[in-house]
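Working notes for the structure below.
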Amino acid sequence: MPAFDLVAPGTSDEAIAELRASDPGEVAVVAGGTDLLFDLDDGRITPRKVVSLRRLPWRTLDWNGPTLTVGSTLPLRELENDPELRRRIPGLYAAVRAVGSVALRHQATLGGNLGRSAPASDLVPMLLALDAEVDLVGPKGERRLSVDRFVIGSRRTALAAGELIRSVRIPEARPSAYLLQRVRPFHDISHMAVAVAFSPTDARWRVAVAGFPPRPLRFPEAEEALGGSTPGAADIARAAEALATRAPIVADKRASEEYRRQLVRPLLARAIAATRIGDR
Amino acid sequence: MTPSEIQLRVNGRPSRIDSVPTDERLLDTLRWRLGLKGTKEGCRTGMCGACTVLRDGRGTLSCLLLTHEADGASITTIEGIGSDPVGRRVLDAFDAAGALQCGYCTPGFVMALTGLLREGGRSTPVDEMLEDLGGNLCRCTGYATIVRAARSAREEGA
Ligand SMILES: Cc1cc2nc3c(=O)[nH]c(=O)nc-3n(C[C@H](O)[C@H](O)[C@H](O)COP(=O)(O)OP(=O)(O)OC[C@H]3O[C@@H](n4cnc5c(N)ncnc54)[C@H](O)[C@@H]3O)c2cc1C
Ligand code: FES
Ligand code: FES
């Protein structure tokens, strides 16, 4: 790893100025570093300057009615330890706990997970099912983008040069669940994962799947098959069938397409069963 | 420009460290600059937990932390954990349970468990505490005694 300058600005204006002062190919951003250090070690990136976000005032968590806003640099363990999260957005709680180990989560951040945008991210599928949005700051000001539009593929996002993720906004706490399949239950990479959430506002389900390239995605055909708040066994079977036969699931070095297509049926059925809507 | 001096409090003692390269990991600073070789390098990729230290009281993987990113932090390693009451309890529980074979993973387990007990203590259900130890691997597979030590350290924290 060639040496680089490391700067830790205290305000977002300074951070953006640091990013703008360098050629985009020569500057990198570090939050927890749990993904970035591998890209540095591999030589995948060779920045002359690394901008650390550690001094920015973005380690925040705010509930406002049904809306949760999470600062991009809040360590995931602090999100997990929020007393409301487990009860109000159980799917996000489960997804956060699926990321690495406790020690990793004391370092890793939500902003970093979105910035890395891995196909097997455990957080992106849940954020998709929650219709989450990212608030970005950059040289041209602020903008808000859905996570669906932000995430493009592995290490590819809609971030423009000089832009940073400031926070992630979850518009509505929803009954939700997150289930995955791995070789080992903890501290491993998910081969296949299903995130589901039910919106009390429009009484519709959201279903997202992840684990395979190029990126986690929603699958509206399964959402429609589930219908309203209490899908019956036949509805769940139709949704599972749609996913297993028509979702754009592919193979990669971790698992075959066929294996993943088989997994998605029980994962969906169990995720729906695990979602508690009212007293259902 | 990159500041060349870093200030850390290591096992309660303030230390100033000069000219640390920006790409140096805390694991290497502890072992090779400060001579604290109790902290082990297992995988260097965040997968095994052998390098776990406490940063401001919380378990952290020192192999995945740039030393400059820890500037100003308070670090506790296995060499200093005996002065912490929870750490003492964990050491005693490992001792009583005979929870080590080759011992390579032990410092990491002790630090991780101390961090967990300080964070949640007995408010964390025992199954969850054991799940939360899942980031530490024992290559000798001595898990039965490690789990016994973890359970008893948690019980004694009543
Ligand atoms: C052992 C191990 C196990 C893991 N297990 C899992 C797992 O089970 N599930 C999972 O989903 N992930 C897992 N990961 C991946 C990783 O820990 C997560 O993606 C984590 O959330 C990344 O956060 P970070 O703060 O460390 O990111 P960093 O490494 O700091 O950054 C990652 C990328 O995002 C960019 N970035 C960071 N913050 C911002 C921001 N605010 N604005 C713009 N760009 C930004 C960086 O420039 C970089 O490109 C694992 C990693 C390791 C090492
Ligand atoms: S050496 Fe750090 S986790 Fe293995
Ligand atoms: S005792 Fe040998 S690795 Fe755990």
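Basis for what follows: all heavy atoms, side chains included, without hydrogens, waters or symmetry-related copies. The model shown is predicted, which means the values in this text are computed figures rather than measured ones. Naming convention: chains lettered A, B, ... in sequence-line order (proteins, then strands); numbering from 1 in each chain.
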When only pairs under 4.5 Å are counted, which of A:Ser52, A:Gly33, A:Gly32 shares the most heavy-atom pairs with chain B? A:Ser52
Heavy-atom pairs under 4.5 Å with chain B are the metric here; pick the option from A:Arg97, A:Arg55, A:Arg184 that has the most. A:Arg97
Taking all non-hydrogen atoms of both residues, which atom of A:Leu37 and which atom of B:Leu65 are closest, and how far apart? CD1-N, 4.2 Å
Shortest non-hydrogen separation from B:Thr45 to A:Phe38 and the atoms involved: O-CZ, 3.3 Å
Name the region of [X], side chain, backbone, both or neither, that has any atom closer than 4.5 Å to a heavy atom of chain B.
X	value
A:Asp188	neither
A:Ala31	backbone
A:Arg105	side chain

Within 6.0 angstrom of A:Arg20 CZ, more than 12 heavy atoms from elsewhere: no
In this structure, are over 12 heavy atoms from other groups packed under 6.0 Å from B:Arg44 atom CZ? yes
Using non-hydrogen atoms and a limit below 4.5 Å, what part of [range] faces chain A?
range	result
residues 125-136 of chain B	B:Glu128, B:Glu131, B:Asp132, B:Gly134, B:Gly135
residues 54-61 of chain B	B:Arg55, B:Arg58, B:Gly59, B:Thr60, B:Leu61
residues 98-112 of chain B	none
residues 76-83 of chain B	none

Side chain B:Glu69, main chain A:Arg54, donor-acceptor under 3.5 Å: no
B:Glu119, part contacting chain A, at a heavy-atom distance under 4.5 Å: side chain
For residues B:Leu64 and A:Leu104, determine if any side-chain heavy atom of one lies less than 4.5 Å from a side-chain heavy atom of the other. yes
Pair B:Leu116, A:Val102 - check side-chain contact (heavy atoms from CB on, under 4.5 Å), show working. CA-CA 8 Å; B:Leu116 289 174; A:Val102 170; 3.9 Å; yes
